[in-house]
S.K.: 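Have a look at this one.
Protein chains get the first letters and strands the later ones, always in sequence-line order, with residue 1 at the start of each. Everything numeric in this text was worked out from a predicted model, so none of it was measured.
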Amino acid sequence: MKAFYLTTPIYYVNDAPHIGHAYTTTAGDVLTRWHRQRGEAVWFLTGTDEHGQKVMRTAEANGVEPQVWADKLVESAWLPVLDTIDARNDDFIRTTQPRHMERVQRFLQRLKDAGHIYEGNYVGPYCVGCEEFKLEGDLIEVDGAKCCPIHGRPVESVEETNYFFRLSAYGEALIKHYQEHPEAVRPQSAYNEVMSFLKQGLNDLSISRSSFDWGIEVPWDPSQVVYVWFDALLNYATAVGLDDPAGSEGAEKFAATWPADVHLVGKDILRFHAVIWPAMLMAAGVDLPKCVFAHGWLLVGGEKMSKSKLTGIAPAQIIDHFGSDAFRYYFLRAIQFGADGSFSWEDMSARYTAELANGLGNLASRAAAMVGKYSGGVLQARHDYTEADQVIINKLSEVAAVADERVTELDFAGGIGAVKELIDAVNLYVTEQEPWKVAKDQAGMPRVETILYVICEALRGIAVLYNPLMPKAMAELWRQLGAEAVLGALDAQDVRNAGTWGQLPAGSVITKGAVLFPRLEEAE
RNA sequence: GGGGUGGUAGCUCAGUUGGUCAGAGCCCCGGACUCAUAAUCCGGUCGUCGUCGGUUCGAGCCCGACCCACCCUACCA
């Protein structure tokens, strides 16, 4: 069975990760955890992009070799941030690894041999920040100098003999492909932009550089290195064994993984992924990825967070205070995936307190306390259900179905919102059923037992559905429910079966463990 | 210049194929309750759904024009 294969962009090692990077990786992690909990084989890839002039110059500025610089950033920043956000990736590719470089060279030679690459001459303004040549019309004027509109720094005029990829040959084929597969670029706004761009016609793409040497050597011309984007895009395929000989381990991996099901990207790099990348694959006769999903930007104070400008917030700044679960919850819950979203410390604090501490955390707390107080800490068998009980039973079933539908469509906010409705319904249920009053009369105990069962069984479903999103807190909830002994590991619970009522058995030992989401001190 | 996206309560945002669609959460005020992380639950205040026209029995939802924000892209040089 082919794995569900998801990639994040490989991140440029020019600087340290900020929450924009972590946002992408978090979304990928939640989605892949969800698919794992549907019982599917999954492959989740992330990594770093390490070649190019900008990295070379940054390294020079720091007085070290590019590889040393890249190693340092990967070890000290990019790998640790995965632990910080609690991401469970299957692989981490670096574009300086032999496995990548060798396969890139092989791929390039193959394209060359098939006539998709030719030698040409290119003269034009070049922005070091963007790693690309600019069109005159794109430039802006600053103090009399032509500058890159993105970086606001002067462009350099560069003339090179380069190798060109016949990108222009694929415009029509791409348009046709996307007309037949409108789901291949999402959301709709991204699809529209790509189509609009394609319809204007494509130019061939210069895919090599001779003015510097920090890159993968062009196999037939050692004086040139591969253009960093051409190099970088290939990581998604080289990481799983692109073009390895039949029968090899790499070939088997490729067959079991490719094509990618989802390439998660920020909307700023959509075009590379939805135009250049599929054209490269078409030229090579390799299957195209099923979907490129472009998410929006995190806005801080109304401005885009940027790796070029220094407005980035490090994930640890937030996670040290709120924890990784809350980080994951907040960004996927508060922002419609695909749209831009504004982040503020105040908003995050408000949602943490209202939805996690007061909502879910407190519900788990009152449930465990009542089972302890009225049933000696052991979940009792339920008795006849009332209409009120049935409302919760139905709600869990409905919510589980909606959540699966939404999350698999990458509508994280929709999926989380559905589960939150259940949490609110159960809190209401507890208040209305008033088990503490029913328990005052010994004759009411059977009813109390049923109420407590309904609450705990609903929490069981919530734990399963929220586990991909908040694995640490849900693991604790699973322990408190005493569920593992009978139901097995939380990670092994199928999300598609989460809505089936009555799984948590009578006799489960419910304990009041650590507070799931402690109230946090006000921080500035 | 062309194209895209968005402009809905103080804040963050939902609003399917036009007919309780004027909403949710947060905030604020009042009340109920005590199992619980001073949590929970109920009630209440706030909007001419960017502007102006049009289609329709009826429009945040359709059409046209315009304004604002952001994004993509061209020409001229």
S.K.: Give A:Ala369 one of three labels, base, sugar-phosphate or nothing, depending on what nucleic acid heavy atoms sit under 4.0 Å from its own.
M.R.: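 Result for A:Ala369 = sugar-phosphate.
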S.K.: Can you work out whether A:Lys420 or A:Ser189 has the more 5'-proximal nearest nucleotide on RNA chain B?
M.R.: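 The answer here is A:Ser189.
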S.K.: To the nearest angstrom, how far is A:Arg366 atom CZ from B:C35 atom C1'?
M.R.: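 About 6 Å, once rounded to whole Å.
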S.K.: Output the rounded distance in Å from CG (A:Leu360) to P (B:A36).
M.R.: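 Those two atoms, CG and P, are 18 Å apart.
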S.K.: To the side chain of A:Lys373, which of B:C35, B:C71, B:C26 is closest?
M.R.: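 Closest nucleotide among those given: B:C35.
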S.K.: Measure the distance from CG on A:Asn358 to C1' on B:G25 and round it to the nearest whole Å.
M.R.: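 Whole-Å distance recorded here is 13 Å.
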S.K.: Without decimals, in angstroms, what is the distance between A:Asn427 CG and B:G25 P?
M.R.: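 So the CG-P distance, A:Asn427 to B:G25, works out to 14 Å.
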S.K.: To the nearest Å, give me how far apart CD1 (A:Ile455) and P (B:U40) are.
M.R.: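 After rounding, the gap between these two atoms is 15 Å.
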S.K.: Looking only at the side chain of A:Asn362 (C-beta and beyond, no hydrogens), which of the listed nucleotides B:A39, B:U40, B:U37 gets closest?
M.R.: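 Taking heavy atoms from C-beta onward, the closest nucleotide is B:A39.
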S.K.: Do other residues, nucleotides or ligands put more than 12 heavy atoms under 6.0 Å from the CD atom of A:Glu409?
M.R.: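 Yes, CD of A:Glu409 has more than 12 neighbouring heavy atoms, counting only those of other groups under 6.0 Å.
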S.K.: Does anything in residues 433-452 of chain A come within less than 4.0 Å of RNA chain B? Heavy atoms only, and list the residues if so.
M.R.: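 Of all residues in residues 433-452 of chain A, the ones placing a heavy atom under 4.0 Å from RNA chain B are A:Trp436, A:Lys437.
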S.K.: Taking side chain as C-beta onward, heavy atoms only, is A:Asp325 less than 4.5 Å from A:Pro471?
M.R.: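 Side-chain contact under 4.5 Å: yes.
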S.K.: Could you work out the separation of B:C21 and B:C61 based on their C1' atoms and round it to a whole Å?
M.R.: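 Taking atom C1' in both B:C21 and B:C61, they lie 9 Å apart.
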S.K.: When you get a sec, tell me which of B:U40, B:C26, B:U37 is the closest nucleotide to the side chain of A:Ala350?
M.R.: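 The answer is B:C26.
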S.K.: Under 4.0 Å from OP1 or OP2 of B:U37: is there any side-chain N or O of A:Lys512 that close?
M.R.: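 Result: yes.
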S.K.: With side chain to side chain contact (heavy atoms under 4.5 Å, CB included) as the criterion, how do A:Thr450 and A:Gln380 come out once you've worked through the C-alpha distance, each side chain's angles and the decisive distance to 0.1 Å?
M.R.: CA-CA 8 Å; A:Thr450 301; A:Gln380 300 300 305; over 6 Å; no
S.K.: Base, sugar-phosphate or nothing for A:Lys199? Non-hydrogen atoms, less than 4.0 Å.
M.R.: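 Nothing, no nucleic acid heavy atom in range.
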S.K.: Working to the nearest 0.5 Å, report the span between CE of A:Met282 and CG of A:Leu167.
M.R.: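 Going from CE on A:Met282 over to CG on A:Leu167, the span is 10.5 Å.
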S.K.: Which whole number of Å gives the distance between the C1' atom of B:G47 and that of B:U55?
M.R.: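 My reading of the C1' atoms in B:G47 and B:U55 gives 26 Å.
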S.K.: Around atom CD of A:Gln442, are there more than 12 heavy atoms from other residues, nucleotides or ligands closer than 6.0 Å?
M.R.: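 Open.
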S.K.: Given the side-chain rings of A:Phe337 and A:Tyr23, with only the six-membered ring counted for Trp, is the space between their centroids under 6.0 Å?
M.R.: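 Judged by ring-centre distance (under 6.0 Å), A:Phe337 and A:Tyr23 do meet the cut-off.
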S.K.: Could you go over nucleotides 12-15 of chain B and give all protein N or O partners under 3.5 Å, atom names and distances?
M.R.:
unit_1: B:U12; atom_1: O3'; unit_2: A:Ser342; atom_2: OG; d: 3.2
unit_1: B:C13; atom_1: OP1; unit_2: A:Ser342; atom_2: OG; d: 3.2

S.K.: Please report, rounded to the nearest Å, how far the P atom of B:G3 is from the CG atom of A:Leu270.
M.R.: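 It is 20 Å, rounded to the nearest whole Å.
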S.K.: Would A:Arg33 and A:Asn467 satisfy side chain to side chain contact (heavy atoms under 4.5 Å, CB included), going step by step from the backbone distance to the final call?
M.R.: CA-CA 8 Å; A:Arg33 283 179 189 256; A:Asn467 186 47; 5.7 Å; no
S.K.: Would A:Arg382 pass as a cation-pi partner of A:Tyr385, given that its NZ or CZ must be under 6.0 Å from the six-membered ring centre and within 45 degrees of the axis?
M.R.: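 Pair A:Arg382/A:Tyr385 counts as cation-pi.
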S.K.: For A:Trp34 and A:Pro468, work out which heavy atoms get closest and say how close.
M.R.: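 Residues A:Trp34 and A:Pro468, closest heavy atoms: CE3-CG, 3.6 Å.
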S.K.: Which value, in whole Å, describes the distance between the C1' atoms of nucleotides B:G10 and B:C70?
M.R.: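 Pairwise C1' distance, B:G10 against B:C70, rounds to 24 Å.
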S.K.: Just the rounded figure in Å: distance from P of B:U5 to CG of A:Leu299.
M.R.: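 Roughly 18 Å, once rounded to whole Å.
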S.K.: Relative to the ring of A:Trp345, is the ring of A:Phe322 parallel (under 30°), tilted (30 to 60°) or perpendicular (over 60°)?
M.R.: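 A:Phe322 vs A:Trp345 ring planes: tilted.
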S.K.: Heavy atoms only, 4.0 Å cut-off, all strands: where does A:Phe517 land among base, sugar-phosphate and nothing?
M.R.: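 Since a base atom lies under 4.0 Å of A:Phe517, the category is base.
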S.K.: Would you mind telling me which of B:C35, B:G25, B:C42 lies closest to the side-chain atoms of A:Glu355?
M.R.: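 Closest nucleotide to the A:Glu355 side chain: B:G25.
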S.K.: I want to know whether A:Tyr236 and A:His263 have ring centres closer than 6.0 Å.
M.R.: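 Here the rings of A:His263 and A:Tyr236 have centres that are less than 6.0 Å from each other.
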S.K.: Looking at every strand, decide which applies to A:Leu516 at a 4.0 Å heavy-atom threshold: base, sugar-phosphate, or nothing.
M.R.: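 Contact class for A:Leu516: base.
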S.K.: Over how many whole Å does the gap from A:Leu428 atom CG to B:A24 atom C1' extend?
M.R.: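 These atoms are roughly 16 Å apart.
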S.K.: If you check every side-chain atom of A:Val515, which of B:C72, B:C35, B:U37 has the closest atom?
M.R.: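 Of the options given, the side chain of A:Val515 lies nearest B:U37.
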S.K.: Rounded to whole angstrom, note down the P distance from B:C35 over to B:G19.
M.R.: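 The same atom, P, in both gives a distance of 47 Å.
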S.K.: Can you confirm whether more than 12 heavy atoms, excluding those of A:Asn121, are under 6.0 Å from its CG atom?
M.R.: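 Above 12, so yes.
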S.K.: Dot-bracket for RNA chain B, please, read 5' to 3', with Watson-Crick or G-U wobble pairs under 3.5 Å on both distances, ( ) within the strand, [ ] crossing, | other strand, . unpaired.
M.R.: (((((((..((((.........)))).(((((.......))))).....(((((.......))))))))))))....
S.K.: Taking the same atom, C1', in B:G23 and in B:U40, what whole-Å distance lies between them?
M.R.: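 Taking atom C1' in both B:G23 and B:U40, they lie 23 Å apart.
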S.K.: Where do A:Trp229 and A:Ile276 land on the side chain to side chain contact (heavy atoms under 4.5 Å, CB included) test, with the steps shown first?
M.R.: CA-CA 9 Å; A:Trp229 265 108; A:Ile276 299 175; 5.8 Å; no
S.K.: Using a cut-off of less than 4.0 Å, is there contact between a side-chain N or O of A:Arg519 and OP1 or OP2 of B:A38?
M.R.: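 A:Arg519 to B:A38 OP1/OP2: no side-chain N or O under 4.0 Å.
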